[in-house]
Amino acid sequence: MQPAQFAFARYDVRLDSETDFVGWRGAARRLALNEVRPEDINWHVAPGSDTADLPAAPAGAQLTVPRDFITHAETASCHSDPDRFAFLYRMLWRQRIEPKLLAIASDPDTRRLEAMEKAVRRDSHKMHAFVRFRKIGEGSEERYVAWFEPEHFIVERNADFFVRRFTGMRWTILTPYASADWDGERLAIGPGAAKGDAPAEDDTEALWLTYFENIFNPARLKVKAMQKEMPKKYWRNLPEASLIPDLIAGADEAAKDMIARMPTTPAPHHARVQARHWPKREPAEVPDDDASTISELREAAKGCRRCPLWRDATQTVFGEGPDNAKVVFVGEQPGDQEDLAGKPFVGPAGKVFDAILDDAGVDRQKVYVTNAVKHFKFEPRGKRRIHSKPNAGEVQACRWWIGRELDLIKPDLAVALGATAALSLLGKAVPVTKMRGRVIEREDGLRVFITIHPSFILRIHEPADKEAERERFLADMKQVKRLMAA
Ligand code: URA
């Protein structure tokens, strides 16, 4: 039924932003219920506007749209096509009488919707792969800033991905149309920026460039595939991309050279690649042991050379928390994200740990969290750095730091998260599954509670088993809370 007063009206709908899908949805519903035809609407984006002046939906009127359409439309609405809001309304309009429209693969509108969604998903994938942060500031001022040029309006829908991935870092992603900012607790979406607002280079970048240059194997170079996966427009923002033109230009010569030097044995193992290619920093003196506070000790640990792990790690990841904490949690060693952030337990295992501590009522801010080994041990695999378990010698070398941390903090209780931590705290191997949930008293009187490492929960695939293991770890953490009070 078409109310006469709106039948031939032409509507200007002003949406608040390029990603105002909620505004589009509300306006589209009201207009469709008032029988306003697609050709009678002009859709615009005008920041600060709302759609309050549109006709209200007639009382009791219902708009039935296939459930899937809203999901598809939400993704497609992030496409940069300026006509997208009008197009989505036209699809909505058609589906009132063609409810199976989305199933008609040959329909040009259905095909267009699919293509738009695909483009948005592909752009999101590029964003996940090619955003590179650059460090600015030091200490409490430290943050990471990236410049990225998406083809579509995808910052909002992808910001959560970066929050999950870089929870422990403070970061900002700048793009021409919007920015996303994470301060460690809160995500804010702000206005667009200019490329010059992002820093140009940092220290970590030099390390990354050397790595990229060295792992680059010209004999395997497939320029077309490389360009497809990493289109030129992204090269500008990737630190390693500045090397690509030279590497491609020299590829033939370099390939010949490489063949001439090729070993007759199979390709070298990663450890050898690592030994050969990762830049070795100059060893420095072992720091003096005159630290009388945790912050002095943390400063001294920055130059630790007690075992060779310092060579390939980005930095020492020292313990964190109050220097008079009643309980000290000890993990194994920093992971990839901890190595970059310089903080313990901020990556995936840290998130599991935090959530369970929270459920158990243990305030992470009030406990001290550290690792048995203070440098990230890994093997390079392509661009990834794969965690490698520290050996007994490395744990032994790092026991000196744990000992000093415990001397200064004087906790009532230490919690060994997994076998490496137990080895470090007790000086001997402990069967964790058997001893889990027990307290062992050391000769110096320190009580050590034994439990698993939270990453164990992450590695379980079967949902029911995962949940059961989470519950067991939660029970352990509740016991820790009781022991803290005892
Ligand atoms: N695993 C650890 O043992 N420690 C960390 O800091 C992170 C992951």
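Small disclaimer: the values here were computed from a predicted structure and weren't measured. Whatever order the structure lists ligands and atoms in, that order sets their numbers, starting from 1.
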Q: Taking R84 for its side chain and S77 for its backbone only, find out whether a donor-acceptor pair lies under 3.5 Å.
A: yes
Q: For atom 4 (N) of ligand 1, what is the closest protein heavy atom, and at what distance to 0.1 Å?
A: N371 OD1, 2.7 Å
Q: Nearest non-hydrogen contact with atom 6 (O) of ligand 1 belongs to which option: F376, F329, F345, F353?
A: F345
Q: For ligand 1, which atoms, with element, lie under 4.0 Å from some heavy atom of G331?
A: 3 (O)
Q: Relative to atom 8 (C) of ligand 1, which among Q337, Q333, H387 owns the nearest non-hydrogen atom?
A: Q333
Q: State the atoms of ligand 1, each with its element, that fall below the 4.0 Å cut-off from a heavy-atom position in H453.
A: 1 (N), 2 (C), 3 (O)
Q: Using the benzene-type ring in the case of Trp, are the ring centres of Y177 and F153 under 6.0 Å apart?
A: yes
Q: For E332, counting its heavy atoms only, list the atoms of ligand 1 lying under 4.0 Å from any of them.
A: 2 (C), 3 (O)
Q: Would T451 and F473 satisfy side chain to side chain contact (heavy atoms under 4.5 Å, CB included), going step by step from the backbone distance to the final call?
A: CA-CA 8 Å; T451 183; F473 190 63; 3.7 Å; yes
Q: Are more than 12 heavy atoms, taken from residues, nucleotides or ligands other than E441, located less than 6.0 Å from that residue's CD atom?
A: yes
Q: Just checking K343: does its NZ atom have more than 12 heavy atoms from other residues, nucleotides or ligands closer to it than 6.0 angstrom?
A: no
